[in-house]
Structure formats: structure tokens, C-alpha cells
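As the structure is a computational prediction, the values presented were derived from the model and not from experiment.
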Amino acid sequence: MADNLSFRLATLQDFDEVQEISKGIYEGHDYLPLKYHHWLKQENVIVMVAIKDGKIIGLEAKVIVDNGKTAVSRARRIHLDFRGRSYGKHLSEALGNHIRQIFPNISRQRLTTSFQRDTSRTDYKEVLVQHILGSDIDKCQLKNLPKSERNLQVCTREYFAEVILSPAVVKNLFPSKTLVLEWFPFEAEETNIDFILKDGDQIFVDECIDDHLPISFSHGRITPTSEFILWSCSIFTQDPELFQAHLLQQVQTAARFIHGNFRFVSFQQESMVDTGKELLFERAKLTECEYFVKSESSMILYEKDW
């Protein structure tokens, strides 16, 4: 290939070089170093590196979900010294060609980003947007948390599969029938349940009486990054009071699971952002995290045909 560029699948021995090309990314919020070894053990994750003059200068992963229908792009990295030369494009093409041989039923690819893309110049279309609130949590501040006016209950795995992923609830709760957790999109269907739920996840729904279906749902988990411990939660509801109840529940749950101070990040629809800010930063007096104000204030999901 031109420029002496080649590609191969990543190995465990590549870790030090992968860390090198990831230095400084996302101001300490990079997830790749902590996921790398796990990804290489997963059958549905393909990680490829780009090599120039014997050194790794790029990496990209794709995760296959939705019953083999969707390839989700993750962790695309090009070394700072080699950007602007279309190496990322060549890496994506090589990875795509490799994946086609293994997963012939893929029909679309998806990615999430905090940057707005010009869809008029690409095949990608915008699917949905979640807005982000980030807090630096000092546990001494949690005494200011108000009490919730609505009751929630723990959502079991069985209830999640049978009720939350039922067509009627999916249609009401999840835009485009898509569940985005920790920047990762899944179709809200039972075939994804083993990918969606992990040990330690904390999920809640509103208390339902008789045969009423839930109108709110939240999911939270510890999400360590290169420099920070995050609690990442996604809240799905159109009811402001229930939204506040889930936000409070997730903050309190995070504080029980994490020793010491941490960063709390919530993903929600735009109509709930002001409600969340009023609760977290005005009433509870928590500190807003500047990183999520200036760099990652929203998560945008794009997709295109494979």
C-alpha cells in the first residue's frame, strides 16, 4: 500500500503502543486502555491496527450487535503525527473488508460522537441525540440532595427482558427503538440483553400498580477511564418528576458503590436538561464538570448502510 501502510488484527502485545497513540485523548476520559484486553477476548469485537515503518500509528474497533446486523465503530485512533493523511479512512476500509468475511449479515454501521457531522457530505444520517450533564461529586456535598417525590423500584433482569423490552414499552421509552448506554447503541430487543446488561449494573423503573406499564427507566454503572472513576447513567422518561427521581437514585447509588469522590455523568433527552441542572447544581449544590460543558455536552448517534 502507498506510504508503506499495512493493517493487521490487534494483539495483547500491542498494548503499550496502543496506549501511546491514546495519550491525552478526551482529557483523561479515554476508555480504550481499560477496555482493550477485554475486547480482544470478545468474539463480537474486532480490533485492527494500522502500521507504518514497523510502528502502530492507528487503531479502530468494531463491535457487532443486534443479532449480527449492526457494526458499531469504537475507539478510532490515529497518532497525532500522522493525522490528515487519510490513514483513518484506509484503516476503516481494511477493517470493514475483514469484517464482511466474518459477519456477512451486517446491514448497517453506527457510531456515536459529540461532534456534529455534515450529513449532506456523507452517507451517515442522524438517528438521535442525548444531552449530557456532568458533575464532580464530593461526597460531603451529598447531604444537600433533596428527597424524591416519586418512588422507584429495582428493575430485575427478568423484568427488563419481559417488560422493558416489550414492544409497547420500547415504543414509548426509546426513540428509534434504540437504547444507548455508555455511548453505545443497541436495538432495544431481547437478543441484545447479554450485551446490554453487565454484572454490577443498577437499573430502576417507576413503581407500577396493577397492569400499568412503566413510563420511566434508568441504567447506571461504574465506568472507569484513564484518569477518572465515572458513574455513567442513562435516563429515559418524559415525566419531569420521574426524571428527577431517577437522577437522585442514580447519584445515591453511585455514592454507595464508589469509594471516595467521583464524576457523575447522565444522558437524557434535551427537554430534561434544565430540570437536571436545577436539581443537581442549584438545589443539591453539586459542582458542574467543565469538561462536559465545553467538550462533550451531547452524544449524537449516526448510522449508514453497510
Side-chain angles (χ1 to χ4, degrees), residues 31-32 34-35 38-39 41-47 60-76 95 99 102-103 105-114 124-132 155-205 213-223 230-237 246 250 265-269 296 298-306:
Y31 58 86
L32 176 58
L34 294 132
K35 290 184 178 292
H38 177 69
W39 278 356
K41 299 175 183 178
Q42 301 299 112
E43 292 184 357
N44 70 315
V45 184
I46 308 298
V47 187
E60 185 175 348
K62 287 194 186 294
V63 185
I64 314 305
V65 291
D66 302 340
N67 205 25
K69 182 174 67 177
T70 306
V72 181
S73 296
R74 301 286 279 169
R76 186 175 177 179
L95 178 56
I99 286 176
I102 307 172
F103 300 97
N105 295 325
I106 292 176
S107 60
R108 70 180 175 193
Q109 51 185 319
R110 286 179 155 185
L111 63 86
T112 57
T113 178
S114 58
Y124 279 104
K125 63 179 180 180
E126 184 180 299
V127 178
L128 61 86
V129 179
Q130 287 184 334
H131 293 261
I132 303 173
C155 178
T156 65
R157 182 185 178 92
E158 292 72 25
Y159 190 85
F160 178 74
E162 296 173 7
V163 179
I164 299 301
L165 294 182
S166 66
V169 176
V170 166
K171 181 179 179 181
N172 182 51
L173 281 184
F174 306 122
S176 301
K177 298 181 180 180
T178 297
L179 180 65
V180 183
L181 306 176
E182 199 183 2
W183 290 84
F184 196 97
F186 304 92
E187 279 195 349
E189 58 181 29
E190 194 169 352
T191 57
N192 277 326
I193 194 168
D194 290 334
F195 300 119
I196 294 172
L197 298 183
K198 300 179 180 180
D199 291 341
D201 285 0
Q202 301 298 304
I203 51 180
F204 302 95
V205 296
L213 293 174
I215 60 171
S216 70
F217 170 80
S218 68
H219 171 283
R221 68 164 59 121
I222 296 176
T223 306
L230 302 184
W231 183 272
S232 175
C233 75
S234 296
I235 303 174
F236 304 90
T237 186
H246 281 279
Q250 289 290 344
V265 184
S266 65
F267 298 78
Q268 54 276 306
Q269 62 189 51
E296 293 186 355
S298 63
M299 186 286 304
I300 310 168
L301 170 63
Y302 293 95
E303 73 177 29
K304 68 177 181 179
D305 293 337
W306 180 256

Would you check if [X] and [Y] make a side-chain contact, meaning some heavy-atom pair closer than 4.5 Å?
X      : Y      : answer
Leu111 : Tyr124 : yes
Ser216 : Phe204 : no
Glu182 : Tyr31  : no
Val163 : Phe217 : no
Thr112 : Phe184 : no
Thr113 : Tyr302 : yes
His246 : Gln268 : no
Ile203 : Leu197 : yes

*asked:* Before you tell me yes or no, could you show the steps for Asn192 and Asp66 under side chain to side chain contact (heavy atoms under 4.5 Å, CB included), namely the whole-Å CA-CA distance, both residues' side-chain angles and the distance that decides it to 0.1 Å?
replied: CA-CA 6 Å; Asn192 277 326; Asp66 302 340; 2.7 Å; yes
*asked:* side chain to side chain contact (heavy atoms under 4.5 Å, CB included) for Lys62 and Phe103? Distances and angles first, verdict last.
replied: CA-CA 11 Å; Lys62 287 194 186 294; Phe103 300 97; over 6 Å; no
Could you check whether any side-chain N or O of [X] sits under 3.5 Å from a backbone N or O of [Y], counting only pairs where one atom can act as donor and the other as acceptor?
X      : Y      : answer
Asp201 : Arg221 : no
Glu162 : Phe160 : no
Thr70  : Arg110 : no
Asn105 : Lys69  : no
Gln269 : Phe236 : no

Which heavy-atom pair separates [X] from [Y] by the least distance, and what is that distance?
X      : Y      : value
Pro214 : Asn172 : O-ND2, 4.4 Å
Val129 : Ser298 : CG1-CB, 4.2 Å
Arg74  : Val63  : CG-CG2, 3.9 Å
Val47  : Ala61  : CG2-CB, 3.9 Å
Ile164 : Cys155 : CG1-SG, 4.1 Å
Pro185 : Val65  : O-CG2, 4.2 Å

*Determine whether more than 12 heavy atoms belonging to other residues, nucleotides or ligands lie under 6.0 Å from atom NZ of Lys125.*
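For Lys125, atom NZ is not crowded (no more than 12 foreign heavy atoms under 6.0 Å).
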State the [atom1]-[atom2] distance between [X] and [Y], to the nearest 0.5 angstrom.
X      : Y      : atom1 : atom2 : answer
Gln250 : Ser266 : CD    : OG    : 9.5 Å
Glu190 : Ser166 : CD    : OG    : 10.5 Å
Thr191 : Asn67  : OG1   : CG    : 5.0 Å
Ile193 : Glu158 : CD1   : CD    : 8.0 Å
Leu181 : Ile196 : CG    : CD1   : 6.5 Å
Trp183 : Ile300 : CH2   : CD1   : 8.5 Å

*Arg157 and Asp194 ion-paired at < 4.0 Å*: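 Salt bridge present between Arg157 and Asp194.
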*Answer yes or no: is there an ion pair linking Arg108 with Glu187, defined by an N-O contact shorter than 4.0 Å?*
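Here Arg108 pairs with Glu187 in a salt bridge, since their nearest N and O are under 4.0 Å apart.
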*Would Thr178 and Phe186 count as a side chain to side chain contact (heavy atoms under 4.5 Å, CB included) if you check the C-alpha gap in whole Å, the side-chain angles of each, and the deciding distance to 0.1 Å?*
CA-CA 6 Å; Thr178 297; Phe186 304 92; over 6 Å; no
